[in-house]
Amino acid sequence: MAERILLGVAWPYANGSLHIGQLVGAYLPADIFARYHRAAGNDVLMVSGSDVHGTPITVRAEQEGRSPEDVASEYHDEFLDCWQKMGISFDCYTSTGTENHARVTQDIFLKLLETGDIFTQTMELPYCTVEGRFLLDRYVEGTCPLCGSDGARGDQCDNCGRALDPFDLKDPKCKFDFSTPEPRESEHFFLRLSAYNEAVKTWLSEDKDHWRKNVRNFALGLTEQGLQDRSITRDLVWGVPIPVEGFDTKRIYVWFDAVIGYLSAAIEWAEKEGTPERWREWWQDPEAKSYYFIGKDNIWFHALIWPVQLMGYSKATGETYNLPYDVPANQFLTIKGSKASTSKRLAVWVPDFLTRYDPDPLRYYLATIMPETADADFTWAGFVQRNNDELVATWGNLVNRVLTFTHKNFDKSVPEPGDLSEGDRALISRVEEALEEAGREIAACNFRSALEAGMSAAREANRYVEDNAPWKLLKEDRERCATVLYTAIAAISGLKTALYPFLPFTCQKLHGYLGNEGPVQAGGWRLVMPAAGRPLAEPEPLFKKLDPEIAEEEEARLGV
RNA sequence: GGCAGGGUAGCUCAGUGGUUAGAGCAGGGGCUUCAUAAGCCCUGUGUCGCGGGUUCGAAUCCCGCCCCUGCCA
């Protein structure tokens with residue numbers, strides 16, 4: 001029976017290009033997961049969008065003398081281009097700047113306001129008298145009261161790492177004009193997280209064995225300490241407006257509305273499909289499962305706060321909104337052992353990568369090092385090595401050797417097999433098992449392990465070809481040779497599906513070489529036996545071998 | 001400082017009490033020639049971060065410490 005699967009993927013800030021850390025942390029695993037489930041016949045809805053309201057965007061816009069809309073739309077367009085070129089197959093990729101998103105956000109805001117889960121409170125905040133506006137905590141700088149370091153920010157000190165309040169700082173200054181900010185009162189809205197502490201704790205304690213232990217323990221630990229109410233509005237004019245009179249100079253803060261994007265995007269998708277109520281199938285059917293693909297820095301919002309928002313909204317509306325079924329947060333990717341850093345140019349940007357390389361090899365390499373349990377390290381040497389020694393040598397060569405040999409010697413079509421031997425059937429079962437294992441592992445969000453299952457079967461297929469040596473059989477026993485090639489093609493057909501979530505572009509190409517039409521996923525998550533006599537297209541190598549020297553060139557480009 | 005995760009072969013990682021700690025890749029030796037000099041076979045003693053402890057027996061459990069990463073609203 002088809003399952004309904006909702007995938008929420010982290011909303012990137014539209015204030016800079018995508019780098020491979022974001023790709024490996026959220027978008028790639030989500031896409032692998034989505035492609036597998038679609039092929040397995042499940043109903044997948046994969047949504048995300050650009051967060052156009054982040055404060056970094058207004059800062060950047062101010063610095064560059066542009067409007068925030070302008071900055072956001074530049075990167076939003078670039079993201080769309082990246083998804084397409086990297087094969088990240090969203091069903092709906094939108095932004096937090098839509099009318100629909102504002103409407104859904106404001107509805108949730110007002111419903112929670114009615115039930116008292118959102119309430120107002122007066123805060124004392126830093127106010128810059130020169131600019132005549134309130135400053136975000138991080139825009140106040142001064143000396144850390146704890147370690148004495150200069151250049152501590154009002155939210156935390158980078159030197160000692162401790163969280164701070166702006167008025168803790170000695171000699172606080174406005175980051176922009178170095179004036180001394182004064183404390184002023186401002187009324188803000190708060191989310192009553194404390195009221196849901198027990199409910200969230202209970203929820204996190206039940207049926208969470210499939211969660212990654214760091215995610216579950218981390219979230220559970222915070223409920224042990226007790227959730228505290230948190231302000232959800234800011235003194236800003238760039239954001240979703242507060243639907244209450246008298247708050248014109250304030251906006252809903254991004255962390256409150258960005259997660260709501262998962263719901264608003266599903267609603268937008270349903271409207272565009274011409275089935276405006278269908279989003280409910282993923283959000284309100286208790287059988288539907290929702291997965292949130294994010295980085296570890298985002299566990300707070302997805303495992304604690306978003307569930308509270310959903311619980312509150314469910315209570316307020318009397319309708320039930322599904323809580324996250326899983327939050328498979330990834331750890332981080334380092335570049336040559338160091339933290340990625342924009343200012344040090346220590347990052348690999350996706351648009352730049354795509355000007356020189358193909359998407360599948362990057363997807364492959366990133367999947368083999370995916371930071372599922374610990375931080376992982378990207379190196380260009382590793383990329384070249386995995387591409388050449390595994391993708392090209394093991395999988396690409398298997399396909400190429402079998403298809404070119406068949407094409408040359410068997411009339412450019414799938415050979416007519418004789419009876420399959422025990423060994424032939426063993427290979428086919430081996431591939432079927434690999435397919436099943438890969439599916440199981442992907443469904444459990446163990447992506448590295450799923451890929452290894454496929455590659456391991458590809459090595460087995462190479463062994464089969466070696467053992468049966470069709471190049472010898474060609475002269476001695478043509479029928480047996482045909483049977484061996486047929487079996488090898490069947491194995492390749494199965495592996496094409498097993499590897500498709502990881503390598504969608506080249507597997508689709510291979511699908512065509514095997515004489516098929518339509519998308520790979522249409523064949524289902526199973527080994528489709530090739531039809532004898534079907535014409536084979538002229539095969540070309542699926543992957544390019546890379547010159548090891550490019551590793552040095554690229555690493556020099558990193559500026560380390 | 002508190003909380004969480006991680007620290008296993010050159011590299012990427014499996015391995016939650018029990019035979020001589022495993023896999024892929026790299027390295028070394030051999031075979032093969034259909035294939036992008038690709039493939040196949042053989043080859044793995046590494047202080048399982050460090051120090052204690054529990055146990056007949058620990059990478060695996062307990063205590064302390066060190067290092068890396070994230071979060072601290």
Side-chain angles (χ1 to χ4, degrees), chain A residues 25 137 146-147 155-156 160-165 190-191 193-194 212-232 253 255-256 295-301 303-305 329-334 337-339 365 367-379 381-409 446 448-449 451-453 455-456 458-474 481 484-485 488 539-546 548:
Chain A
D137 291 354
L146 299 161
C147 72
D155 56 345
Q156 72 161 35
C160 65
R162 273 173 281 210
L164 300 172
D165 185 89
F190 283 69
L191 179 62
L193 290 165
S194 57
R212 291 182 180 169
K213 68 177 174 185
N214 63 317
V215 178
R216 190 186 51 192
N217 289 351
F218 176 77
L220 213 42
L222 290 164
T223 62
E224 301 287 342
Q225 292 168 36
L227 299 177
Q228 315 229 324
D229 301 338
R230 190 177 177 181
S231 70
I232 58 167
Y253 200 41
W255 70 256
F256 183 82
K296 64 175 162 179
D297 54 333
N298 247 328
I299 295 172
W300 246 107
F301 298 106
L304 296 165
I305 297 176
N330 271 328
Q331 308 290 307
F332 283 175
L333 191 69
T334 55
S338 307
K339 247 173 92 171
Y365 178 54
T368 62
I369 62 168
M370 192 170 280
E372 292 170 4
T373 54
D375 289 354
D377 192 40
F378 175 95
T379 63
F383 169 67
V384 172
Q385 198 171 45
R386 294 277 195 170
N387 178 74
N388 290 353
D389 299 336
E390 296 178 24
L391 205 47
V392 174
T394 302
W395 168 235
N397 184 55
L398 169 70
V399 171
N400 197 235
R401 70 196 300 206
V402 170
L403 293 191
T404 52
F405 190 83
T406 306
H407 204 260
K408 237 179 264 176
N409 299 300
N446 298 325
R448 281 189 318 226
S449 162
L451 181 53
E452 176 52 28
M455 290 302 286
S456 168
R459 286 191 291 272
E460 189 64 39
N462 266 322
R463 236 165 267 144
Y464 169 88
V465 173
E466 199 71 25
D467 291 347
N468 289 280
W471 50 91
K472 283 184 190 158
L473 291 170
L474 187 63
C481 181
V484 167
L485 290 171
E540 276 175 41
L542 293 175
F543 306 100
K544 291 197 267 287
K545 208 167 165 171
L546 297 171

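Proteins come first, then strands; the chains are lettered A, B, ... in the order of their sequence lines, and each starts at number 1.
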Which sits closer to the 5' end of RNA chain B, A/V215 or A/S231, going by the nucleotide each is nearest to? A/V215
Salt-bridge present (A/R463, A/E466; N to O < 4.0 Å): no
Just how far, in rounded Å, is P of B/U33 from CG of A/L398? 19 Å
Let me know the distance between CG of A/L451 and P of B/A14, rounded to the nearest Å. 14 Å
Quantified in whole Å, what is the P atom distance between nucleotide B/G24 and nucleotide B/C41? 9 Å
B/C31 and B/A37, which share atom name C1', separated by this distance in whole Å: 15 Å
Quote, to the nearest angstrom, the P distance that separates B/U32 from B/G15. 40 Å
At under 4.0 Å between heavy atoms, what does A/L220 touch on the DNA or RNA strands: base, sugar-phosphate, or nothing? nothing
Could you tell me how far B/C13 sits from B/U55 if I compare only their C1' atoms? Round to whole Å. 30 Å
Tell me if a side-chain donor or acceptor on A/N388 pairs with a main-chain N or O of A/L546 at a distance below 3.5 Å. yes
Contact under 4.0 Å: A/T373 side-chain N or O vs B/A14 OP1/OP2: yes
Quick one: label A/R212 by what it contacts on the DNA or RNA (base, sugar-phosphate, nothing), any heavy atom closer than 4.0 Å. nothing
Going by purine N1 to pyrimidine N3 plus the second Watson-Crick contact, or the G-U wobble pair, all under 3.5 Å, which nucleotide sits opposite B/U12? B/A23
With sugar-phosphate meaning primed atoms plus P, OP1 and OP2, does A/L485 contact a base, only sugar-phosphate, or nothing at under 4.0 Å between heavy atoms? nothing
Tell me what A/P541 touches on the nucleic acid: a base, only sugar-phosphate, or nothing, going by heavy atoms under 4.0 Å. base
Would A/R230 pass as a cation-pi partner of A/W255, given that its NZ or CZ must be under 6.0 Å from the six-membered ring centre and within 45 degrees of the axis? yes
Spell out yes or no: do the side chain of A/N397 and the base of B/A35 have one donor N/O and one acceptor N/O closer than 3.5 Å? yes
If the C1' atom of B/G5 is compared with that of B/G49, how far apart are they to the nearest Å? 15 Å
Calculate the interatomic distance between A/R386 atom CZ and B/A23 atom C1'; express it in whole Å. 11 Å
Is the closest side-chain donor-acceptor distance between A/T334 and A/D375 under 3.5 Å? no
Measure the distance between the ring centre of A/F405 and the centre of the six-membered base ring of B/C34, then answer whether it is under 5.5 Å with planes under 30°. no
Crowded around A/E540 CD? As in, over 12 foreign heavy atoms under 6.0 Å? no
Considering every strand shown, what is the Watson-Crick or G-U wobble mate of B/U33 when both distances are under 3.5 Å? none
Separation of atom CG in A/D297 from atom P in B/C3, rounded to whole Å: 21 Å
For A/A376, which contact category applies under a 4.0 Å heavy-atom criterion: base, sugar-phosphate, or nothing? sugar-phosphate
Comparing A/M370 and A/T394 on RNA chain B - which has the more 5′ nearest nucleotide: A/M370
Need one value for A/G226: base, sugar-phosphate or nothing, where a base atom within 4.0 Å counts as base even if backbone is also close, heavy atoms only. base
For B/U47, the nucleotide meeting Watson-Crick or G-U wobble distances (both under 3.5 Å) is none
For B/G2, which nucleotide is its Watson-Crick or G-U wobble mate, given both distances must be under 3.5 Å? B/C71
With rounding to the closest Å, how many angstrom separate the P atoms on B/G44 and B/G10? 15 Å
Is A/Q228 touching bases, backbone alone, or none of the nucleic acid, heavy atoms closer than 4.0 Å? base
Considering only atom P, compute the distance from B/U60 to B/U8 and round it to an integer number of Å. 14 Å
P gap between B/A73 and B/A14, integer Å: 32 Å
